[in-house]
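Worksheet for the structure shown next.
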Amino acid sequence: QAQLVESGGGSVQAGGSLRLSCATSRDIYTSFCMGWFRQAPGKEREGVATISTGGIRISYADSVKDRFTISQDNAKNTLYLQMNSLKPEDTAMYYCAAATSYAWYCPDVGRWYDYDRWGQGTQVTVSS
């Protein structure tokens, strides 16, 4: 089973920044749509950002547009999520995932259930 390993979470004050990383295998990185998702306690998992194979198509949830940026490092097979202007409502466990039925076109960012390979998550806590 291919692994996705997140890192970079932590605690910051509102207005601060964090960069999450997701290291994965070359097969996953080059073959499938990938994305970042989050889940706060007591809430449903929600999509944050997705990126298709080759970085051709990128989508963001409305709640993070203009604050978060998804990107890739092809040399490291690593997916990133740069998070700026963080708000307390961004507090959640953040997950990296891959949708192995999709490559050049990703499911809508809200369709987290179309993603079938998941990392263990990294906690982000934003204090006011």
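Every heavy atom of this structure was used, including side-chain atoms; hydrogens, water molecules and symmetry mates were not. The model shown is predicted, which means the values in this text are computed figures rather than measured ones.
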Please confirm whether the backbone N or O of [Y] pairs with a side-chain atom of [X], one donor and one acceptor, at under 3.5 Å?
{"X": "Arg117", "Y": "Ala98", "answer": "no"}
{"X": "Tyr29", "Y": "Leu79", "answer": "no"}
{"X": "Thr24", "Y": "Gln3", "answer": "yes"}
{"X": "Trp36", "Y": "Tyr80", "answer": "yes"}
{"X": "Arg26", "Y": "Asn77", "answer": "no"}
{"X": "Thr91", "Y": "Val126", "answer": "yes"}

Subject >> Donor on one side chain, acceptor on other, Ser17 and Asn84, under 3.5 Å >> reply: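 The answer is yes; a qualifying pair exists.
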Subject >> Check: Thr78/Asp73 side-chain N/O donor and acceptor closer than 3.5 Å >> reply: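 The answer is no; no qualifying pair exists.
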Subject >> Row check, Phe37 ring normal vs Arg45 NZ/CZ: under 6.0 Å, within 45° >> reply: no
Drop me the distance from [X]'s [atom1] to [Y]'s [atom2], to the nearest 0.5 angstrom.
{"X": "Ser59", "Y": "Ile51", "atom1": "OG", "atom2": "CD1", "value": "10.0 Å"}
{"X": "Asp108", "Y": "Thr50", "atom1": "CG", "atom2": "OG1", "value": "8.0 Å"}
{"X": "Arg111", "Y": "Cys106", "atom1": "CZ", "atom2": "SG", "value": "12.5 Å"}
{"X": "Gln120", "Y": "Glu6", "atom1": "CD", "atom2": "CD", "value": "7.5 Å"}
{"X": "Leu81", "Y": "Cys22", "atom1": "CG", "atom2": "SG", "value": "10.5 Å"}

Subject >> Asp90 with Lys87: basic N within carboxylate O range, under 4.0 Å >> reply: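 Here Asp90 does not pair with Lys87 in a salt bridge, since their nearest N and O are not under 4.0 Å apart.
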Would [X] and [Y] show up in the same hydrophobic cluster when neighbours are defined by side-chain heavy atoms closer than 4.5 Å?
{"X": "Val64", "Y": "Leu18", "value": "yes"}
{"X": "Ile58", "Y": "Tyr102", "value": "no"}
{"X": "Tyr113", "Y": "Tyr95", "value": "yes"}
{"X": "Leu20", "Y": "Ile28", "value": "yes"}

Original post:
Considering all heavy atoms of both residues, which atom of Ser31 and which atom of Ala103 are nearest to each other, and what is their separation?
Top reply: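 Where Ser31 meets Ala103 most closely, the heavy atoms are O-CB, 3.2 Å.
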**OP:** Kindly give the heavy-atom pair with the smallest separation between Ala92 and Ala40, and that separation in Å.
**Re:** CB-N, 3.8 Å
Subject >> Parallel, tilted or perpendicular, as decided by the 30° and 60° cut-offs, for the rings of Tyr94 and Phe68 >> reply: tilted
**OP:** Name the orientation class of the two ring planes belonging to Tyr115 and Trp118 (parallel below 30°, tilted from 30 to 60°, perpendicular beyond 60°).
**Re:**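 It falls in the perpendicular class, over 60°.
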**OP:** Start with the C-alpha gap between Met83 and Arg67, add the side-chain angles, then the distance that decides, and say whether side-chain contact (heavy atoms from CB on, under 4.5 Å) holds.
**Re:** CA-CA 6 Å; Met83 305 186 295; Arg67 299 190 298 124; over 6 Å; no
Original post:
Tyr60 versus Thr69: any side-chain heavy-atom pair under 4.5 Å?
Top reply: yes
**OP:** Could you check if a side-chain atom of Ser11 sits within less than 4.5 angstrom of a side-chain atom of Ser127, using non-hydrogen atoms only?
**Re:**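 Sidechains of Ser127 and Ser11: no contact.
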